[in-house]
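We name chains A, B, ... by the order of the sequence lines, and we start the count at 1 in each one.
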Amino acid sequence: MTIEIAPTSATVPVLVDERGRTPHGLWGVAATFFRRQPVGAIGLVLVLIFGLAGIFAEWVAPYNPTSNDFAAMTEAPSWAHWLGTDQLGRDLLSRILYGARTAFIVGMTSALVGGFSGLVIGVASAYFGGRLDLWLQRVLDIVMAFPLIIMALAVVSIFGTGIQNVIVAITIPLIPRCARIVRSSALAIREVPYVDAARALGYGHTRIIMRHMVPNVMGPFLVIITAFVGQAILAEAALSYLGLGVQEPVPAWGLMLQGGAEEYASTAPWIAIFPGLAIMLTVFGINLFGDALRDILDPKLRER
Amino acid sequence: MRAGFTLCAAALTAVLAIAMPASGAEAPKRGGTLTFMIPADAPPSFDGHQEGTFAMLHATAPFYSTLTRVNPENPSSTTDFVCDLCTDMPQPADDGRTYTFKLRDGVKFHDGTPLTSADVKASWESIIHPQEGVLSPRESYYMMVDKVEAPDPATVVFRLKFATTTFLPALADPFTFVYQKEKLEKDPHWYEKNILGSGPFKFVTYETGQSITGVRNPDYHHPGLPYLDGFTGIYAAKQATRLDAIRSDRAAAEFRGLPPSARDELKAALGDKITVQESDWNCGSLVTPNHAKKPFDDVRVRRALTLAVDRWHGVPALSKVADMHTVGGIVFPASPLAATKDELQQLAGFWPDIEKSRAEARRLLKEAGAEGLSFELLNRNVDQPYKYVGTWLVDEWSKVGLKATQRVQPTGPWTDAMRRGDFEVVLQANCRAVPNPILDVQPYLPSSVFTANYGNFEDKDEVALYGKMLHETDPAHQRALMREFEKHSIDTQAHEIWVSWWYRTVPHRSYLKGWKISPSHFINQDLATVWLDR
């Protein structure tokens with residue numbers, strides 16, 4: 001005889017409308033989300049705008065983002081160049097649209113890889129406990145002793161610049177941060193009776209972890225992931241600004257704030273303003289969305 | 001009576017005219033501390049014999065003397081050399097192969113010990129014949145020198161292997177500090193971390209990568225100099241920081257050179273409080289393909305790299321935002337040895353019709369099987385003008401289907417990568433001190449002659465051609481040989497890709513007087529004649 005243990009809080013509806021009904025379908029979920037979390041919805045819209053701009057940059061960008069146009073150097077915003085041009089005559093709108101791609105590739109990849117690695121480590125650490133937990137936590141302590149940007153700088157200094165190395169550099173410091181949060185949630189779940197019951201029934205570690213522990217840490221995990229995307233985008237911009245991220249002529253927001261943006265801050269401020277705005281709006285959007293997600297997924301906040 | 005008065009007035013005017021400095025010249029004021037910016041991080045060392053960077057020179061030149069130098073009153077001249085430690089510029093003897101210098105009396109190092117010809121000889125020996133393990137990037141500059149002798153404490157004799165017009169300008173190189181013999185003999189690396197000279201200022205403090213300070217040397221061998229009580233050099237790699245310092249009067253200048261945008265910004269903000277000095281710059285951008293890496297061993301690929309670049313349109317446009325200025329060949333544009341525009345337009349990469357040039361580049365790439373070639377351009381993490389030039393070149397190369405990416409590195413790793421041969425194509429600069437065209441084109445020679453050429457090639461024909469040019473003393477023949485050398489180096493073999501000459505713009509506070517711009521940011525930096533009008 002097999003006993004199917006009831007799924008846990010993962011089945012508790014997290015998004016309900018004003019009448020307590022669970023929305024159906026993507027549009028239903030979206031509509032409910034917009035009504036219940038209007039601020040978070042604005043964040044989501046901002047993220048979608050920049051995300052889609054990055055994906056479809058080839059079609060929506062009016063100019064080649066790397067092509068110099070010496071006839072249009074440091075031109076102010078105009079009908080020909082909506083956001084103006086930089087010191088080499090490159091269209092800023094096009095560079096920002098393509099820059100969104102760089103930002104999201106780095107942001108999403110770092111957040112997902114760092115997040116999932118942290119999830120595995122955090123859950124394993126909590127579930128198995130003992131010496132494994134002790135050692136893993138000490139290693140994580142060491143890595144976490146370094147601020148994110150310092151650790152990323154160190155990694156880039158060792159492995160060199162370039163988009164892959166930037167992703168590695170940002171991913172590594174994200175892992176312990178995720179692992180630590182996931183572990184604290186997983187530790188609580190490890191002690192609940194249904195996990196004991198599953199163990200008593202002889203279920204394997206993989207099944208217990210995958211069916212009972214991971215779904216229960218998904219709430220905080222998703223919130224962390226959204227926060228990580230924003231952090232990773234900021235870290236990428238910081239590294240590029242410091243000359244350690246992606247290199248010219250690749251369009252990247254942080255890189256656009258370097259060099260010409262500083263030199264022309266007083267005479268052509270748009271070179272610095274628009275990439276700065278792009279970074280700010282994207283991270284702001286991600287943070288708003290993350291907050292809304294936390295409100296939805298955290299039962300305590302949901303009850304308020 | 002009236003006639004007598006007029007006569008008296010005329011006599012008084014004449015006396016005053018003689019007593020006062022020449023018209024337009026102001027009487028220097030003594031005192032004050034000059035603060036200036038050094039646009040770099042910490043220099044690799046303080047040893048002028050080993051280093052080639054202004055980051056070292058701007059900080060340490062005020063502490064040292066040299067045997068001869070470019071006239072500080074006329075630093076833009078390429079032929080006006082005067083004595084620093086010597087008493088008179090000598091006439092060459094022995095068919096132009098012997099130069100004898102008499103040293104000034106009573107010159108002392110800052111520790112009080114007398115400076116003699118033994119110190120001068122030891123210093124020059126360390127430059128011309130460095131000990132094993134000691135770098136001397138200018139060793140090849142003095143390939144004409146057979147030996148340096150010190151027959152008595154006040155005499156130094158240079159005996160040359162052959163007569164050459166390149167010797168005196170080379171002798172005035174500002175990196176050729178005179179060190180103490182005893183220190184050099186005890187430890188040839190002593191001057192890397194220590195400062196002890198006989199220059200206008202005495203060393204006080206150095207905070208690594210932050211600042212350096214000096215105070216007036218009261219025993220300086222040029223009477224009445226220096227005018228300043230002292231100086232502080234502040235390191236700041238970021239241009240915005242340096243501009244802020246000048247704008248807010250926390251610093252009076254930076255002496256390397258700023259881009260036109262910075263000049264305009266300061267001028268707009270400060271008006272007459274800023275004086276701008278400008279000059280052609282004996283410095284330019286140079287691309288070196290690594291011949292040891294395929295397909296850059298193929299001359300067709302190297303030629304395609306230069307043919308793709310539209311210098312005639314690109315450089316004037318870039319000169320608005322970067323330190324670049326003059327389209328020219330490998331010789332400093334102001335020199336009589338420089339190529340004329342017509343001569344230049346015969347060379348690959350300088351053709352007047354860029355479409356024809358790029359069509360040829362595409363044809364060569366196709367023939368070499370390198371169509372759509374992807375490669376990495378190693379570049380230096382310095383905005384002006386490295387990063388501008390690098391970004392521009394990547395775009396130019398894309399127009400013939402080449403896909404270049406950049407690896408931008410700080411100065412240390414960039415130099416390391418070049419020395420290790422860890423690059424495909426590198427963007428460098430050829431910056432020389434006293435314009436001396438025959439020696440200034442040495443970077444085009446293989447590393448067997450010019451150690452700092454990282455192209456990994458050998459070319460006996462080029463070396464032979466250079467030797468011929470070095471030994472030639474007739475200007476017309478020298479010019480013809482230079483054209484041959486130029487064609488061979490940047491066209492026929494395209495060992496190097498010469499991009500453009502730079503332009504030096506130095507905006508400084510108007511109260512800073514007595515400093516004159518030169519075609520090199522290495523020249524005239526001992527600050528002895530600088531004074532503050534406030």
For chain A, find which of Leu318(B), Asp264(B), Asn379(B), Leu243(B) contributes the most heavy-atom pairs closer than 4.5 angstrom. Leu318(B)
Part of Ser266(A) lying under 4.5 Å from any heavy atom of chain B: side chain
Would you mind checking which part of Gln406(B) comes under 4.5 Å of any heavy atom in chain A, side chain (CB onward), backbone (N, CA, C, O), both or neither? both
Compare every heavy atom of Glu263(A) with every heavy atom of Val321(B), then report the nearest pair and how far apart it is. O-OE1, 4.0 Å
Nearest heavy-atom contact between Leu88(A) and Thr391(B) is CD1-CG2, 3.7 Å
Within 6.0 angstrom of Met144(A) CE, more than 12 heavy atoms from elsewhere: yes
More than 12 non-hydrogen atoms from neighbouring residues, nucleotides or ligands closer than 6.0 Å to CD on Gln164(A), yes or no? no
Heavy-atom nearest pair, Tyr264(A) first then Lys320(B), reads OH-O, 4.2 Å
What part of Lys399(B) gets within 4.5 angstrom of chain A, counting heavy atoms only: side chain, backbone, both, or neither? neither
By a 4.5 Å heavy-atom criterion (distance strictly below it), what part of Gln384(B) contacts chain A: side chain, backbone, both, or neither? side chain
Got a salt bridge between Lys238(B) and Glu262(A), using NZ or NE/NH1/NH2 to carboxylate O under 4.0 Å? yes
Heavy-atom pair with the smallest gap, counting every atom of Asn68(A) and Trp392(B): ND2-CA, 3.6 Å
Residue part contacting chain A, namely of Val408(B), when any heavy atom lies under 4.5 Å: both
How long is the span from the CG atom in Asn381(B) to the CD atom in Gln247(A), to the nearest 0.5 Å? 7.5 Å
Given that the side chain runs from C-beta out, which part of Pro259(B) has a heavy atom under 4.5 Å from chain A: side chain, backbone, both or neither? side chain
Please report the shortest heavy-atom distance between Gly314(B) and Phe70(A), naming the atom on each side. CA-CE1, 3.7 Å
